[in-house]
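Working notes, structure below.
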Amino acid sequence: MPELPEVETTRRGVLPLLGGRRVSAVMVNDGRLRQPVTRDLETILVGQRLRDVERRAKYLLFQFESGALIVHLGMSGSLRVVPASAAKLAHDHVEIEFGAERVLRLRDPRRFGLVLWTADEPSKHALLAKLGPEPFDEAFCGDYLFDKSRGRSLAVKNFIMDGHVVVGVGNIYASEALFRAGIHPARAAGRVSRARYESLATQARLVLAAAIEAGGTTLRDFMRNDGEPGYFSQKLKVYGREGEACESCGGLIAMQVIGQRSSFYCGKCQR
DNA sequence: CTTTACGCCTGACGGC
DNA sequence: TGCCGTCAGGCGTAAA
């Protein structure tokens, strides 16, 4: 599922293909996403030039001349750029054509994604206005996490997955960052030391950066019509590895459901 | 205020 | 082989 690295990889994949081009056609094949796709999207977009593609949290912001298209990939969404002649895949719900050779197609089998138009500054949109800092923002640091977590009893894993605390740390990378920082995922957020939060912030940034780096090698896949574009197999140390040996101590990796989410960790290395 | 539960949706997978 | 139940998961919202 798209986590922040996949979304950023998507941004980097589509921007050079579509940036500066004008929309020639829009097709909404199925507008029933998490929220209904903005009505009259075709009327709004056709003729407009795409100025930039930005990212805030896991939202992609397609900046046009008179506003922005906010796109979220949800659980199963993916974007690719193909010629109009390319066969449509099942669940290609929205298509934005920038000339016949470059059609942006949103595929989303589970339809948890989002396609919304805003004429205003996207950061003012209700979905984005209250989000915490980006993990690569200097505001995201050990002191920030320490101060923000005082008095909080929820598990540290749920704490760092809260978009009001920091954005873009989903279930996979929360497990990975906590393993690298040696912090048990179920530990109360308010009982993690300042120094360990410093390590957590650093490790979160490192693992996300490595995943984005890995994604860079698959950018060409955005032009393919088969398979999942722009995604990549990231070397994960604990996620999905229940029962396997911890690469650090050789102990067994455990799985525990924390806050309704599967969490993977090494009980020896993480306290 | 914090915390928890749930719904949205469909493909994959295990059990029978 | 095929049917069916369960699970996965980001994120907003309602409820406790």
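Other residues, nucleotides and ligands contribute only 12 or fewer heavy atoms inside 6.0 Å of the CD atom of A:Glu138. The environment of CZ in A:Arg194 is crowded: more than 12 heavy-atom neighbours from other residues, nucleotides or ligands sit within 6.0 Å.
Listed pair A:Tyr59 / C:dG12 meets the phosphate criterion, a side-chain N or O lying under 4.0 Å from OP1 or OP2. Between A:His72 and C:dC11 there is a side-chain N or O to OP1 or OP2 distance below 4.0 Å.
For A:Arg110 against C:dA8, a side-chain-to-base donor-acceptor contact under 3.5 Å is present.
A side-chain contact (heavy atoms from CB on, under 4.5 Å) with A:Ile70 holds for exactly one of A:Thr38, A:Leu61, A:Leu60; it is A:Leu61. Here the options are A:Gln256, A:His184, A:Lys157, the test is side chain to side chain donor-acceptor pair (under 3.5 Å), and the partner is A:Ser263; only A:Lys157 passes.
In the 5' to 3' direction, nucleotides of DNA chain B lying under 4.0 Å from heavy atoms of chain A begin and end at B:dT2 to B:dG11.
What separates CD of A:Glu3 from P of C:dA8 is a distance of 15 Å, to the nearest Å. Atom CD of A:Glu6 and atom P of C:dG10 are 11 Å apart (whole Å). Atom pair A:Met161:CE and C:dC11:C1' shows a separation of 10 Å (rounding to whole Å applied). Computed from coordinates, the A:Phe112 CZ to C:dC7 P distance equals 15 Å when rounded to whole Å. Put simply, CE on A:Met255 is 7 Å from P on C:dA8, counting in whole angstrom units. In this entry the distance linking CD1 of A:Ile70 with C1' of C:dC11 reads 15 Å, nearest Å. C:dG10 atom C1' lies 15 Å from atom CD1 of A:Ile160, rounded to whole Å. Distance CZ (A:Phe264) to P (C:dA8): 8 Å, rounded to an integer number of Å.
In this structure, CZ in A:Arg34 is found 6.5 Å from CG in A:Leu127, a value given to the nearest 0.5 Å.
Among all heavy-atom pairs drawn from A:Asp108 and A:Gly77, the shortest one is OD1-N, 3.5 Å.
Rotation axes derived from the C1' atoms of the five outermost pairs at either end of the helix from B:dT2-C:dA16 to B:dC16-C:dG2 lie 50° apart, to the nearest 10°.
Checking A:Arg261 against A:Asn158, the closest nucleotide of DNA chain B that is more toward the 5' end is the one next to A:Asn158.
Side-chain atoms of A:Arg56 come within 3.5 Å of backbone atoms of A:Leu131 as a donor-acceptor pair (strictly under, hydrogens ignored).
Cluster annotation: A:Leu79 is connected to A:Leu41 through the hydrophobic network of ILVMFWY side chains, with a link wherever side-chain heavy atoms come within less than 4.5 Å.
Within the nucleic acid shown, A:Arg32 has no heavy atom closer than 4.0 Å to any nucleic acid atom. Residue A:Leu33 is out of contact with every strand shown, counting any heavy-atom pair closer than 4.0 Å.
Between A:Phe64 and A:Phe98, the ring planes are parallel. Angles under 30° get that label, and only those over 60° would be called perpendicular.
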